[in-house]
Amino acid sequence: MKIFNTMTRCKQDLVPIEEGVYRIYVCGPTVYNFIHIGNARPVVVFDVLRRYLEYRGNRVLFVSNITDIDDKLIQKAIAEGTSMQEVARRYEAEYFTDLDGLGVERATVHPRATEHIDEILSIVADILEKGYGYIAENGDVYFRAKKFEGYGKLSHLVLEDLVSGNRDLKSSLAEDLKEDPADFAVWKAAKPGEPYWESPYGNGRPGWHIECSAMARKHLGKTIDIHAGGEDLIFPHHENEIAQSECANGCTFSNYWMHNAFLNIDSHKMSKSAGNFFTVREISAVYGYEAIRYFMLTGHYRSPLNYTAELLEACKAALERLYTCRANLAFAVQNGGGASEILAQKAAVAKSKFCLAMDDDLNTVEALAAIFDFVRDVNTLCADASPAALEIAATVFDELTGVLGIVQHRETSETPADVLALVEERTAAKAAKNWARADEIRAELAEKGFAVEDTAQGPKISRK
RNA sequence: GGUGUCGUAGCCAAGUGGUAAGGCAGAGGUCUGCAAAACCUCUAUGCGGCAGUUCAAAUCUGCCCGACACCUCCA
């Protein structure tokens, strides 16, 4: 499999440190609010990566953090007159509700920053010991960005350009405390009224970037295979993580870096101030979670994706086609099938095309095209397919859609006896050419939430 | 100013040198008592524009036009 590595800016063969095992760290949310649909993109994209690697027989150690200490959390807690932890736990629970809705598998570990203060302080100590950090007069601990030779290697930015080109840098509040404008905090001294932890440098809390360095090291080791997140994290977050981790550990932090592009609204970045801000929760209420997940797969993860209501409608319709196909397959299995083996060959072709697409930097768009080609094959051939071919087709269909995490809502409950009786009565009415009664029963079934369709193999019942 | 990305049908979108996938929407048709679903056919002589390289360009090069992002809040 090849993936695009932000560090080298080219597609590279993905080779793990340990054969058959992938150690992946994906930056998770700061839990100060419901996640918005932009947050859903990395969550879905890297869940697909994980599922695909597992599908190909690998073990995946997947870590995705929960940032539960941050300025925004503190502000929200103050505004609500509650504690930071209460706010964090509340939105963490909402985050998991959304993850479940989106069909995102739980990470191997979802570490919380506040539960890794010891590990964080240990890295801070490493950084200070090696001379890459210094304690400011107020108790802040800063990292000497310029001292780290590789600083800028991920974002391909040159420090001097950054500093000269950005005025905010020079006017930031902490400026007086820093030796250099490019330095960043790894530990922040406590301000009155803020939550804090004790440290050798006085009471304080972790800087934003240090938690990921600490949690990645604890749960995955000093060198990991893939570090991923949204493209906005490249600088400064990931750049700073690299600086911290590589100084502290003395080795490469991550062999591969993957970044998803943004999801925009009307071609512009979402922002609360612009008023184009949508949460996953509110959109799922209208179109369903699965349409959101599907939507994330309709563009390549490194290209910007533009959200509109019309596109979500289109995604719903496309999903309907997939569900109908799966139902056709199940119906064919139920009816015994025929003698043709062609569908089994088509299934093999679909699988091979799907994997070829996914192996090429997670090309979910082509992977979907492979599935839809297969859908046409299934719809055309399943009535005559042999039981063995049908079984293979069903397995492949479930495997491929399973990797993408779509078409997962199967009807498991039995059709109620009264519905079956009505369908039987309708079949009899039809045989007697009593169309009025047949249509009446169809309407009655619709009221009960069932649709009946007439096929060459007899009536096909489905839930609406 | 520095660093990048993108422009393909009504909409979305893949394709990075060999003659335009797939989805949604639309039109016509087949099947059906009617319907639904499905299937078949049609919908870009052309990939922002202009030059150039090549037997061959959506794909490579140059210029231009347009859109967007990052540059210490951010997925």
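Atom set for the values below is all heavy atoms of this structure, side chains included, hydrogens, waters and symmetry mates excluded.
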Just to verify, what does A:Phe148 make a ring-ring contact (aromatic ring centres under 6.0 Å, His included) with, not counting sequence neighbours? none
Pick base, sugar-phosphate or nothing for [X], based on heavy-atom distances below 4.0 Å to the nucleic acid.
X: A:Arg326; result: nothing
X: A:Arg9; result: sugar-phosphate
X: A:Asp454; result: base
X: A:Gly38; result: base
X: A:Leu263; result: base

With respect to the side chain of [X], which nucleotide from [options] is positioned closest?
X: A:Lys72; options: B:A75, B:C73, B:C34; value: B:C73
X: A:Pro42; options: B:C74, B:A75, B:G33; value: B:A75
X: A:Asn328; options: B:A38, B:A35, B:G33; value: B:A38
X: A:Asn363; options: B:U72, B:G33, B:G15; value: B:G15

How close or far is atom [atom2] of [N] from atom [atom1] of [X], stated in whole angstroms?
X: A:Leu154; N: B:G4; atom1: CG; atom2: P; result: 13 Å
X: A:Asn33; N: B:C73; atom1: CG; atom2: C1'; result: 14 Å
X: A:Phe374; N: B:A38; atom1: CZ; atom2: P; result: 16 Å
X: A:Leu356; N: B:A14; atom1: CG; atom2: C1'; result: 14 Å
X: A:His300; N: B:C12; atom1: NE2; atom2: C1'; result: 16 Å
X: A:Leu362; N: B:G15; atom1: CG; atom2: P; result: 12 Å
X: A:Phe354; N: B:A14; atom1: CZ; atom2: P; result: 16 Å
X: A:Phe295; N: B:A13; atom1: CZ; atom2: C1'; result: 11 Å

Which value, in whole Å, describes the distance between the [atom1] atoms of nucleotides [N] and [M]?
N: B:G22; M: B:G15; atom1: C1'; result: 11 Å
N: B:G2; M: B:C60; atom1: P; result: 24 Å
N: B:G17; M: B:C42; atom1: P; result: 29 Å
N: B:C63; M: B:U3; atom1: P; result: 14 Å
N: B:G10; M: B:A51; atom1: P; result: 24 Å
N: B:G62; M: B:A20; atom1: P; result: 27 Å
N: B:A37; M: B:C31; atom1: C1'; result: 11 Å
N: B:C40; M: B:C24; atom1: P; result: 13 Å

List for me each residue that meets salt bridge (Lys or Arg N to Asp or Glu O under 4.0 Å) alongside [X], sequence neighbours excluded, and say none if there are none.
X: A:Lys72; answer: none
X: A:Glu94; answer: A:Arg281
X: A:Arg326; answer: A:Asp398
X: A:Lys191; answer: none

Would you tabulate the pairs of protein nitrogen or oxygen atoms and nucleotide nitrogen or oxygen atoms of nucleotides 65-70 of chain B closer than 3.5 angstrom?
residue : atom : partner  : partner atom : Å
B:C68   : OP1  : A:His268 : NE2          : 2.9
B:C70   : OP1  : A:Lys269 : NZ           : 2.1

With sequence neighbours excluded, residues passing side chain to side chain donor-acceptor pair (under 3.5 Å) with A:Glu341: A:Ser386
Who are the side chain to side chain donor-acceptor pair (under 3.5 Å) partners of A:Arg376, not counting sequence neighbours?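 Per chain and number, A:Arg376 pairs via side chain to side chain donor-acceptor pair (under 3.5 Å) with no residue.
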May I ask you to evaluate whether A:Asn39 reaches the phosphate of B:A75, defined as a side-chain N or O under 4.0 Å from OP1 or OP2? yes
B:C74 OP1/OP2 closer than 4.0 Å to side-chain N/O of A:Trp208: yes
Only one of A:Val141, A:Asp183, A:Asp140 forms a side-chain contact (heavy atoms from CB on, under 4.5 Å) with A:Tyr134, so which one is it?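 For A:Tyr134, the side-chain contact (heavy atoms from CB on, under 4.5 Å) check succeeds only for A:Asp183.
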Just to verify, which of A:Lys11, A:Gln12, A:Lys2, A:Arg302 counts as forming a side chain to side chain donor-acceptor pair (under 3.5 Å) with A:Asp361? A:Arg302
Residue mapping more 5' on RNA chain B - nearest nucleotide basis, A:Lys11 or A:His237: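 It is A:Lys11, whose closest nucleotide lies nearer the 5' terminus.
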Report the residue (A:Arg41 or A:Thr380) whose heavy-atom-nearest nucleotide on RNA chain B is the more 5′ of the two. A:Thr380
What would the secondary structure line of RNA chain B be in dot-bracket form, counting Watson-Crick and G-U wobble pairs under 3.5 Å, with [ ] for pairs that cross earlier ones and | for pairs with another strand? (((((((..(((.....[...))).(((((.......))))).....(((((..]....))))))))))))....
For residues 39-50 of chain A, pull every pair meeting side chain to side chain donor-acceptor pair (under 3.5 Å), keeping only residues two or more places apart or in separate chains.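 Every side chain to side chain donor-acceptor pair (under 3.5 Å) pair that includes a residue of residues 39-50 of chain A, provided the two are not neighbours, is A:His36-A:Asn39, A:Asp47-A:Arg51, A:Asp47-A:Arg293, A:Arg50-A:Glu54.
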List the protein contact pattern of nucleotides 17-27 of chain B with one symbol per nucleotide (5' to 3'): B for base contact, S for sugar-phosphate-only contact, - for none; contact means a heavy-atom distance under 4.0 Å. ----BSSS---
Is the count of non-hydrogen atoms from other residues, nucleotides or ligands lying under 6.0 Å from A:Lys76 atom NZ greater than 12? yes
When you look at CD of A:Glu424, are more than 12 heavy atoms from neighbouring residues, nucleotides or ligands closer to it than 6.0 Å? no
Which is it for A:Phe96 and A:His110 under the ring pair (Phe, Tyr, Trp, His ring centres under 6.0 Å) test, yes or no, and what are the steps along the way? CA-CA 10 Å; A:Phe96 283 123; A:His110 281 285; 4.9 Å; yes
Does anything in residues 297-319 of chain A form a ring pair (Phe, Tyr, Trp, His ring centres under 6.0 Å)? List the pairs, not counting sequence neighbours. A:Phe278-A:Tyr307
